[in-house]
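For reference, the structure discussed in these notes is given below.
Order of appearance sets the numbers: ligands from 1, and atoms from 1 within every ligand.
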Amino acid sequence: MNLILFGPPAAGKGTQAKRLVEEHGYVQLSTGDMLRAARASGSELGNRVAKIMDEGGLVSDEIVIDLIDEQLETHKNAPGFIYDGFPRTVGQAKALDKLLESRGTQVDRVIRLVVDETQLMQRVTKRFEEEGRKDDNPATFAARLDKYNQDTAPLLPFYAERGILREVDGMASIEEVTKGVEEALKQTA
Ligand code: AMP
């Protein structure tokens with residue numbers, strides 16, 4: 001299973017991905033988590049991406065594609081992968097297709113968590129207070145949302161054309177969203 005959890009920042013992708021990991025043993029591939037780990041380790045890569053992340057921009061396609069490739073190699077025998085925060089551009093989506101094709105698999109399902117921008121702002125304000133993630137401050141978050149609308153939302157028709165896109169109401173309770181995601185996973189393409 002190759003499942004893309006799709007949606008703007010703070011839509012609940014990470015929360016749902018963790019539940020799917022517990023339920024199905026899938027491997028969560030969050031490029032945001034990988035980049036934050038690189039920064040925390042003080043690696044050359046971490047230093048290279050720090051400024052872009054703090055400004056709410058997107059790091060280069062090449063960097064995140066390499067990270068995903070590495071993880072697919074590391075977890076060769078995993079029963080499935082959940083892509084969380086990747087792909088974020090058409091270039092990344094095409095590269096993912098190639099990476100999977102070379103391994104004899106494909107993107108099976110794209111689940112979009114639908115949350116309106118007012119609620120996203122409320123969630124991220126709370127997360128900023130609780131976790132202090134620099135890029136959750138209101139100005140940077142607005143830049144991240146702009147990036148999502150400009151560069152990432154165009155992926156929706158890309159996947160819709162293949163008949164593998166499903167939508168789930170991301171404003172319901174965490175439990176309800178999980179139910180919706182599980183339903184969407186069961187449906188055949
Ligand atoms: P996230 O936790 O997914 O919101 O990611 C945090 C930040 O990491 C983003 O605002 C980007 O700067 C960077 N990032 C994460 N994933 C990607 C990606 N697939 N492409 C480009 N930049 C990314």
For Asp69, all residues meeting side chain to side chain donor-acceptor pair (under 3.5 Å), sequence neighbours excluded: Arg103
Closest non-hydrogen contact found for Ala184 with Val168 is CB-CG2, 4.3 Å
ring-ring contact (aromatic ring centres under 6.0 Å, His included) pairs, two or more places apart, involving residues 21-44: His24-Tyr26
Please list all pairs passing the ring-ring contact (aromatic ring centres under 6.0 Å, His included) test where one or both residues lie in residues 96-120, with sequence neighbours left out. none
So Leu156 and Leu165, side-chain contact (heavy atoms from CB on, under 4.5 Å) or not? Walk me through it. CA-CA 8 Å; Leu156 290 167; Leu165 176 68; 4.0 Å; yes
Note down each nitrogen or oxygen pair, ligand 1 side and protein side, whose separation is under 3.5 Å; give only atom names and the distance to 0.1 Å.
from, atom 1, to, atom 2, distance (Å)
ligand 1, 2 (O), Arg36, NH1, 2.9
ligand 1, 2 (O), Arg36, NH2, 3.0
ligand 1, 2 (O), Arg133, NH2, 3.3
ligand 1, 3 (O), Arg88, NH1, 3.0
ligand 1, 3 (O), Arg88, NH2, 3.3
ligand 1, 4 (O), Arg88, NH2, 3.1
ligand 1, 4 (O), Arg144, NH2, 3.0
ligand 1, 12 (O), Gly57, O, 2.5
ligand 1, 16 (N), Thr31, OG1, 2.8
ligand 1, 16 (N), Arg88, NH1, 3.0
ligand 1, 19 (N), Thr31, OG1, 3.4
ligand 1, 19 (N), Gly85, O, 3.0
ligand 1, 19 (N), Gln92, OE1, 3.0
ligand 1, 20 (N), Gln92, NE2, 2.9
ligand 1, 22 (N), Val59, N, 3.1

If the threshold is 4.0 Å, N to carboxylate O, is there a salt bridge linking Arg88 and Asp61? no
